[in-house]
Every structure is written in C-alpha cells, then in structure tokens.
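Here is the structure we will look at.
Position 1 is the first residue of the sequence; numbering continues from there. The figures that follow rest on heavy atoms only: side chains count, while hydrogens, waters and symmetry mates do not.
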Amino acid sequence: RSRAFIIATLGGVLMMALIVEMPAFFERVYTNQTSTIVLAGTPEIRTKASALLARDFSIVAQVDRLPSHVTAAYLRTRGDASAAVALSFRGGRLHADVFARDSAGWNDVRLGQLAPLALELGAGVPLAKSRPLVNIERNIRDVDRKFSDAKSASRGRALAFGLVFAMYLSIVMAGQSVMASVAEEKTSRIAELLVATISPMNLLSGKTIAVAATTLLQVAFWAAAALALFPRASTALSMSSAGGADSLAQGPIDPGLLVAFVAFFILGFLQYSTIYAAAASLISRTEDLGSVSGPIILPALLAFFLAQYALVAPEAPAVVAFSFVPFVSPLLMFTRVAVANVPAWQLSLAFAIDIVAVVLCFVVAGRVYRIGMLLSGNLPSPAQIWAAIRT
C-alpha cells in the first residue's frame, strides 16, 4: 500500500503503453515520409505504374513532367507529398528519379513493384503476363516446428524479447529493493532488535517472498496493460504499413509460456534476492551498496545478452551449456522455451539445477546474513565471509 509501490506500478503501466505504442507511432511517421508521392511520366507509363504502385504508395498527383528544380514548396502544393517520382524509359531500361523531402527515409524503399512494367518496356513482355511471374510465392517454416510460419516466428520472438526484458528488469529491481531494505535496517540499527526476536533465516525468507509476491503483482499489471494495448497498436501498424504487421497480434498466447515465465522468474528472483540480501547485510553505510551490488548484477547482464543471442540461435552450443548454469539459467532457459522446442530432459534438468541453486543460496546467504546483520565497521574480509559460511 506504500505510495512508492503504487507510483512504480502505475509508472510501469504507462511505460508499457509507450513501449507498445511507439512502433505504431514510428511506423506512421515513416509511412508519412515515404508513402505519398507525386508521379511524373508519360501518360502510358503513369497509368500502368500507378496501378502497380497503388498497394504501397498513395499517389496524390500525376504530372507529365516535373519542374527543373523540385522544392518542398512544390510538394506541399501537390497534396503535401513526401516525394516526387519521375519515371522514364532511357537506354532500353526503366528509370526512376526520386526527389524526396527526406532522402534518408527512402534508402530502404524499393520500387520492385515496377518490375513488370520494366519487363514490358525493355523486353516486350505484356504486363498481364509478367506481373504474376515476378511475384515469387514463399512458404517459410521453422525446422524445429515451434512456429508454423515466418509470421508466427516473428511474433514469438517479439513476445519472448518483451517477457525476457520484463523478467530481467523485475529481477534486478526487486533484488535491489531487498538490498536497500536490508541496508536500511542494518544502518538504522533496527536489525539488532529484529535478529534478537526473529530467526535470521525467517527474516531473510520473509523479505524475499514478500518482495517476490509484490513484484509478480506489478508484472501482472504491466503484462495486462501490454496485452490490452497490443491488438490496437498492431491494428495501427497494419493500417499504416499495409504489410500485414497485424500478424503479430494474431493467435492467443500459449498458457504454458506464461507458466514458464512465472516459474523461472521466481527461481531467478530467489537466487538473486538472497545474494543481494546477504551482501547488504555486510555493509555498515549505505554508500557501500554500489561496491557490493556491482559484481552481483554481472551474471544477470550476461544472461540478458545471451538471451538476445538465444532468440535467433536457441540451440547454439554456448546457449545450451549456459542454460544449465545457475543465475544465468532462468533467463536463458525461458528464452529457449519461448522460441524453440526444448527437450524435456533439458528443461527438467535446468529446473532441478535452479531449485538446488535456490536452496544453496538460502543456506549460504542465511549464514552470511546471520553474521553480517550484527557486524559494524568496515566490510569484512573474504576470509571472514568464508568462515561465516562454513559455520
């Protein structure tokens, strides 16, 4: 019920809204910069070209010839076009001269729709015959059969990236929340009263479980906001691009994927939060938090970067090997589950390793936490920490 928790939760919902809406916004901006054109050329060429370009471009004006110097003012008076395209047949080939307000926006624009017209003008192949021949039918399937086609594969990878990013961010932020809570109790000397009345292991367990529950609640709100906004954003993408971007929103989300997300999130959070709590118990000043939290976040960064590689190569030897390593396994194995068919034995082995890692983290962190909460002064040496773990 704290104000900070409510603000963070609502802020996350707004952030999800921005993340979901930004692709559609940039797609609309990009489309406005490249889709409206003035078409110039002979009437015969314009008539045939306009029919071919109509799918991807909005032709706001047609003229026989462009002025010797095309300006932005000229484009504004011609339907506020983004560019003027002059078509001509020279040297036995079809030429397209593009005069754009933003030339960089046209770097990736292809005029392949005009290929049938180029064949008709250059080789004499009738447009009605060449038009269906230049369109190559493609049917792309994943060999691991996780996805039925390329569109569903793109959707799956996009969804996996969003969930992995949410898992990484939530684990790191929640772990640091546990660390800040422990540091506050330690520096304010409240820890001495708590440890005198409550078992250090129970105190550590209560902190981590409580933060895990509230973090899952936050993630649930963020995910609900993203899922509610995603179809509308995908519709906006499809309307602006006319290229089937709405395929990203087709099909329900696999419930098994959500179960895997929750399971690996809990395992990853418990591993990191216990170590964060143990590290925070060793400091006597909040200024020392950075020095002890830095090394802990490195495995999480490694896992996040490996997860980006796993999105495109889930069966790479390095990805498979690291998916069984504690602290890295939760993010990496979940990524593999999201984009590929992981063998049951690998999934079971990674899950078992993570459970064992959680138990060991609680044992080790509990011993350090028990000693560290009563220490004051400088940071203990590695030998003192090792002695605390062995006792």
Heavy-atom count check: over 12 atoms from other residues, nucleotides or ligands less than 6.0 Å from Phe221 CZ?
no
Flag, side chain of Tyr272 to backbone of Ala300, donor-acceptor distance under 3.5 Å:
yes
Greater than 12 external heavy atoms within 6.0 Å of Arg90's CZ
yes
Kindly check if the number of other-residue, nucleotide or ligand heavy atoms within 6.0 Å of CZ (Phe322) is above 12?
no
Which of these passes side chain to side chain contact (heavy atoms under 4.5 Å, CB included) with Ser273: Thr215, Ile171, Ile209, Thr208?
Thr208
Donor-acceptor under 3.5 Å (Ser323 side chain, Val320 main chain)
yes
Within the distance-only criterion (no hydrogens, no angle test), does the side chain of Ser170 pair as donor or acceptor with the backbone N or O of Met167 below 3.5 angstrom?
no
Do the non-hydrogen side-chain atoms of Phe324 and Leu332 ever get within less than 4.5 Å of each other?
no
Looking only at atom types and distance, does a side-chain atom of Thr214 sit under 3.5 Å from a main-chain N or O of Val211, one as donor and one as acceptor?
yes
Whether the side chain of Gln308 engages the backbone of Phe304 through a donor-acceptor N/O pair (distance < 3.5 Å, no angle test) should be reported.
yes
Check the orientation of Phe261 and Phe265. Use parallel for under 30°, tilted for 30 to 60°, and perpendicular for over 60°.
parallel
Is it true that a side-chain atom of Arg78 and a backbone atom of Val60 form a donor plus acceptor pair closer than 3.5 Å?
no
Would you check, one step at a time, whether the test side chain to side chain contact (heavy atoms under 4.5 Å, CB included) holds for Asp354 with Met333?
CA-CA 11 Å; Asp354 284 327; Met333 183 55 77; 5.8 Å; no
Evaluate the side-chain proximity of Phe327 to Ile275: yes if any heavy-atom separation is below 4.5 Å, no if none is.
yes
Between the main-chain N or O of Thr36 and the side-chain N or O of Ser82, is there a donor-acceptor pair closer than 3.5 Å?
yes
Main-chain N/O of Leu53 paired to Gln113 side chain as donor or acceptor, under 3.5 Å
no
